[in-house]
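In what follows, a single structure is set out as structure tokens and then discussed.
Quick caveat: nothing in here was measured; it's all calculated off a predicted structure.
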Amino acid sequence: MVVVLRLGDASHAYRELVGGPLDGLLLDVTGREEDALREGAAPSTEISAHGPGGRAVYGPRAADPRFWDWQGDTP
């Protein structure tokens, strides 16, 4: 399921990041294919365990894929 928020004329899809350094933030996944959504994402962040340039890895929660749970950090 995709959460769709309508802001004016634009529609965007988001996933809520749960746990880790980006806990509580919304990740814009507008336009991503379903296969990519099942894989999750690793957004770069300066506050990962690896510092600037590191990435926080998040994947979809099996019970509710609107939420992506933190799986760890990577350089």
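Using a distance-only test at 3.5 Å, with no hydrogens or angles considered, a donor-acceptor pair links the side chain of R15 to the main chain of P65.
In this view, R61 and D69 satisfy the side-chain hydrogen bond (donor to acceptor under 3.5 Å, both in side chains) rule, not counting sequence neighbours. Scored by the side-chain hydrogen bond (donor to acceptor under 3.5 Å, both in side chains) test, T30 finds H12, D28 as partners (sequence neighbours excluded). In this structure, the side-chain contact (heavy atoms from CB on, under 4.5 Å) partners of D23, at least two apart in sequence or on a different chain, are V18. Residues that satisfy the side-chain contact (heavy atoms from CB on, under 4.5 Å) test with A42, not counting sequence neighbours, are R55, V57.
How far CD of E39 is from CD of E34: 12.0 Å, rounded to the nearest 0.5 Å. One finds the CG atom of L37 at 5.5 Å from the CH2 atom of W68 (value rounded to the nearest 0.5 Å).
A heavy-atom distance below 4.5 Å is found between the side chains of W70 and P21.
Between A41 and L27, the shortest heavy-atom contact is CB-CD2, 3.9 Å. Contact between Y58 and L22 at its shortest, heavy atoms only, is OH-N, 3.0 Å. A pairwise comparison of heavy atoms in R38 and P60 identifies O-CG, 3.4 Å as the closest pair.
Residue pairs meeting the side chain to side chain donor-acceptor pair (under 3.5 Å) criterion with at least one member in residues 40-53: none, sequence neighbours excluded.
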